[in-house]
**Q** 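The structure follows.
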Amino acid sequence: MFALVDCNNFYASCERLFRPSLEGRPVVVLSNNDGCVVARSNEAKALGIPMGAPYFRYAAVLRRADAAVFSSNYALYGDLSRRVMQVLAGFSPRIEVYSIDECFLDLTGVRDPTALGLEIARTVRRWTGIPVAVGIAPTKTLAKLANRLAKKGYGPTGPVLDWSELQDQDAVLGAVPVEDLWGIAARSGARLRALGIADALALREAHPQRLRASFGVVVERIARELRGQACLALEEVAPPRRQVMVSRSFGAAVSAPAELRAAVTAFASRAGEKLRSQGLAAPALTVFVQTNPFDTGRAFYANAVTLGFPVPTQDSTALVRAATRGVDRLFRAGDAYRKAGVLLPDVVPAEQAPADLFAEVGEDDRARRRMAVLDAVNRKYGRETLRFAGQLSGSGWRRRSERGSGVSTTRWAGLATVRAG
DNA sequence: TCTGGGGTCCTAGGACCC
DNA sequence: TCTGGGGTCCTAGGACCC
């Protein structure tokens, strides 16, 4: 038996946490470059703002509705997520942290799952301030669905729905569009509809073998899970990462090669930090650049190049050197670049990486110590306190973030102030 | 003016082996 | 008319997730 606990409008709820005055007001949170709406409170959803909508298209609507608009603050969301997961871990011996705002719990053997679900929702709310919904079912796919329904008010006594307690399951499934299921999006949805499979009930009744032949094993599993046959297990330990990526859209177009190099230097350096913090090493680095894909007046240019290392590395110096060398090969004069990134494919655990037979004696060790110092300084005094000189060649690419709340649970200066009396 | 970032899994097809 | 059988590895691209 699975429970899926999902935080309601997570980023919006985080921003609201320290501002009770935002209760009842529409709240939205924007993506990295203040570009898209990535979280909406219920009031914002009611305004008809779609998920992922470009902000500039809805700015006027939001202003008229007196909405609160925030740039994203991942340090805050990450910290609140950890707190929520910590509370959830107290309710089940086996949990799977599925995403920043979702967690599966193993409820096998629980006598009254609905009562436990209500207790979970109450406790998370009281201890962290974040509202959640709980879906309970014998498969993950049904638990996801039950969670959606719980948020819509199907639960008899609160934001909790146990699928097996639901009357007329078939009627409910018949009213769920096939694209609302976990794992089915627009493409597969359209193809399923063309075969007359438009809702969850029709998918459940379809022949698994035929689904497999036309759509592959993923859709077959979903159909089986709708019947209550569990195909997806709880994964307590996340498998090791296979790639590391750092990429950003630019706050303003970049045309100077030195500034493009400055941007990928920052990305490669950040990628190195990620590698070291996760104990990984990269055998190669891909750097990519692109112009504005939405500009219909100019030809779109996107290109990438991959460079290999003699042995897998976690040294930022090597990553930065490869990234800048790569970007020099990609750069075309006259283009206005809007985005670039660094991708480290096929990463391996650092202890499995062989040493470089041809490196100077002691160089490996010196490089490791340099990186240890870099990380220690930046951990203590803040990201990019110590950085590569190449980054000084320009910072016009940096993101717009004009609406940050400044609230933090991880910096003294950002803590909320409470006045009594 | 203005459009995110970071991932995973699956499949088909090519290339190769004995 | 007619051309074996069984397998692995790699890659690109599609599709999906939050």
Side-chain angles (χ1 to χ4, degrees), chain A residues 4 6-11 28-40 49-60 62 69-74 77-78 81 96-104 140-141 144 147-148 178-192 211-222 231-232 235 238-253 267 270-271 274 278 280 284 286 288 290-297 300 304 306 336 338-347 397-403:
Chain A
L4 176 67
D6 189 322
C7 301
N8 301 349
N9 317 325
F10 183 53
Y11 298 169
V28 304
V29 177
L30 304 179
S31 65
N32 186 52
N33 218 10
D34 287 354
C36 296
V37 174
V38 293
R40 306 153 295 157
I49 318 269
M51 176 64 178
Y55 169 56
F56 70 89
R57 273 196 206 140
Y58 291 89
L62 288 164
V69 178
F70 295 101
S71 300
S72 40
N73 178 355
Y74 291 102
Y77 313 149
S81 171
E96 173 186 343
V97 176
Y98 176 67
S99 75
I100 194 165
D101 70 332
E102 284 173 79
C103 187
F104 287 103
K140 282 179 155 184
T141 301
K144 279 285 250 186
N147 187 288
R148 282 182 73 98
V178 74
E179 297 86 357
D180 284 6
L181 293 168
W182 185 38
I184 308 238
R187 314 265 172 144
S188 306
R191 289 181 54 210
L192 284 165
L211 287 174
R212 180 167 200 144
S214 307
F215 296 89
V217 69
V218 176
V219 173
E220 182 196 359
R221 277 192 201 127
I222 294 168
C231 304
L232 305 169
E235 292 177 34
R241 280 234 171 304
R242 311 184 57 142
Q243 63 174 44
V244 169
M245 176 140 86
V246 179
S247 78
R248 294 285 181 278
S249 292
F250 297 153
F267 303 157
R270 175 76 191 119
K274 286 191 186 183
Q278 296 171 36
L280 300 169
T286 301
F288 64 89
Q290 55 176 264
T291 60
N292 185 355
F294 301 102
D295 185 349
T296 48
F300 176 59
T306 301
R338 288 308 305 239
K339 181 175 181 174
V342 160
L343 174 70
L344 307 175
D346 305 321
V347 292
W397 58 272
R398 291 214 177 252
R399 73 163 177 159
R400 277 188 295 270
S401 181
E402 293 166 350
R403 302 168 168 280

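Note that the structure is a prediction, hence the values are computed from the model and not measured. Proteins get letters first, then strands, A, B, ... in listed order; numbering begins at 1 in each.
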**Q** With sugar-phosphate meaning primed atoms plus P, OP1 and OP2, does A:I184 contact a base, only sugar-phosphate, or nothing at under 4.0 Å between heavy atoms?
**A**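 Sugar-phosphate: the residue A:I184, judged by heavy atoms under 4.0 Å, touches backbone atoms but no base.
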**Q** Just the rounded figure in Å: distance from P of C:dC17 to CZ of A:R148.
**A**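 After rounding, the reported distance stands at 10 Å.
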**Q** Let me know, please, whether A:V217 or A:Q278 comes out on the 5' side of the other along DNA chain B by nearest nucleotide.
**A**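 Between the two, 5'-proximity favours A:Q278.
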**Q** Could you tell me whether the side-chain ring of A:F56 sits stacked on the base of B:dT3, using a centroid cut-off under 5.5 Å and a plane angle under 30°?
**A** no
**Q** Ignoring backbone atoms, establish whether A:N32 has a side-chain N or O less than 4.0 Å from OP1 or OP2 of B:dG5.
**A**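 Answer is yes, contact under 4.0 Å.
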**Q** Could you tell me the Watson-Crick or G-U partner of B:dA12, where both distances fall under 3.5 Å? Say none if there is no partner.
**A** C:dT11
**Q** Report the distance from atom CZ of A:R221 to atom P of B:dT8, rounded to the nearest whole Å.
**A** 17 Å
**Q** Just how far, in rounded Å, is P of C:dC9 from CG of A:D346?
**A** 15 Å
**Q** To the side chain of A:R400, which of B:dC9, B:dG5, B:dT3 is closest?
**A**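 Between B:dC9, B:dG5, B:dT3, the one nearest the side chain of A:R400 would be B:dT3.
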**Q** Classify the nucleic acid contact of A:L232 as base, sugar-phosphate or nothing, counting any heavy atom under 4.0 Å across all strands shown.
**A** nothing
**Q** Has A:R248 got a side-chain N or O lying under 4.0 Å from the OP1 or OP2 atom of B:dG6?
**A**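 Yes.
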**Q** Could you tell me whether A:R191 contacts a base, only the sugar-phosphate backbone, or nothing, with contacts defined as non-hydrogen atoms closer than 4.0 Å?
**A** nothing
**Q** To the nearest Å, give me how far apart CG (A:D34) and P (B:dC2) are.
**A**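 After rounding, the gap between these two atoms is 14 Å.
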**Q** Please find the pair of heavy atoms, one from A:N32 and one from A:R248, that lie closest to each other, and give the distance.
**A**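 Taking every non-hydrogen atom into account, ND2-CD, 3.1 Å.
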**Q** Taking the nucleotide of DNA chain B with the closest heavy atom to each, which residue, A:R212 or A:V38, is nearer the 5' end?
**A** A:V38
**Q** With under 30° as parallel and over 60° as perpendicular, where do the rings of A:F104 and A:Y98 fit, or are they tilted in between?
**A** perpendicular
**Q** Heavy atoms from C-beta onward define the side chain here; which of C:dC17, B:dG4, B:dC10 lies closest to that of A:V218?
**A** B:dC10
**Q** Roughly how far, to the nearest 0.5 Å, is the CG atom of A:L30 from the CZ atom of A:F56?
**A** 12.5 Å
**Q** For A:Y55 and B:dT3, what is the distance between atoms OH and C1' respectively, to the nearest whole Å?
**A**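 After rounding, the gap between these two atoms is 14 Å.
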**Q** Write down the distance between CD (A:E220) and P (C:dA15), rounded to a whole number of angstrom.
**A** 19 Å
**Q** When you compare C:dC18 with B:dT3, how far apart are their P atoms, in angstrom units rounded to a whole number?
**A** 25 Å
**Q** If you look at every strand shown and take non-hydrogen atoms under 4.0 Å, does A:D101 touch a base, only sugar-phosphate, or nothing?
**A** sugar-phosphate
**Q** Write down the distance between NZ (A:K140) and C1' (C:dC17), rounded to a whole number of angstrom.
**A**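 Nearest whole value for this atom pair: 12 Å.
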**Q** Nearest 0.5 angstrom please: A:S214 OG to A:L192 CG, how far?
**A**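 One finds 9.0 Å between OG of A:S214 and CG of A:L192.
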**Q** From B:dT8, B:dT3, C:dC18, pick the nucleotide closest to the side chain of A:W182?
**A** C:dC18
**Q** Just checking A:Q243: base, sugar-phosphate only, or nothing, at a heavy-atom cut-off of under 4.0 Å?
**A**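 A:Q243: base contact, heavy atoms under 4.0 Å.
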**Q** By the 4.0 Å heavy-atom rule, please label A:Y98 as base, sugar-phosphate, or nothing.
**A** sugar-phosphate
**Q** At under 4.0 Å between heavy atoms, what does A:R338 touch on the DNA or RNA strands: base, sugar-phosphate, or nothing?
**A**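 Sugar-phosphate: the residue A:R338, judged by heavy atoms under 4.0 Å, touches backbone atoms but no base.
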**Q** Measuring from A:K140:NZ to A:R221:CZ, what's the distance to the nearest 0.5 Å?
**A** 11.0 Å
**Q** OP1, OP2 of B:dG5 versus side-chain N and O of A:S249: anything below 4.0 Å?
**A** yes
**Q** Taking atom P of B:dG5 as reference, at what distance in whole Å does atom CZ of A:R241 sit?
**A**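 After rounding, the reported distance stands at 17 Å.
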**Q** On the nucleotide C:dC18, are OP1 or OP2 found under 4.0 Å from the side-chain N or O atoms that A:K144 carries?
**A**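 Answer yes for this pair, as a side-chain N or O of A:K144 is under 4.0 Å from OP1 or OP2.
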**Q** Would the A:Y74 and A:Y11 ring centres measure less than 6.0 Å apart?
**A**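 Between A:Y11 and A:Y74, which both carry aromatic rings, the centre distance is below 6.0 Å.
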**Q** At 4.0 Å (heavy atoms only), tell me whether A:R57 reaches a base, stays on the sugar-phosphate, or touches nothing.
**A**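 Touches a base.
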**Q** Which nucleotide wins on minimum distance to the side chain of A:R187, given the candidates B:dG7, C:dC16, B:dT3?
**A**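 Comparing B:dG7, C:dC16, B:dT3 against the side chain of A:R187, the answer is C:dC16.
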**Q** Measuring to OP1 and OP2 of B:dG5, would you say a side-chain N or O of A:K339 lies under 4.0 angstrom away?
**A** yes
**Q** Ignoring hydrogens and geometry, is there a side-chain-to-backbone donor-acceptor pair from A:N33 to A:R400 under 3.5 Å?
**A**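 Judged by distance alone, yes, a pair lies under 3.5 Å.
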**Q** Does A:S188 reach a base, just sugar-phosphate, or nothing at all? Heavy atoms under 4.0 Å.
**A** sugar-phosphate
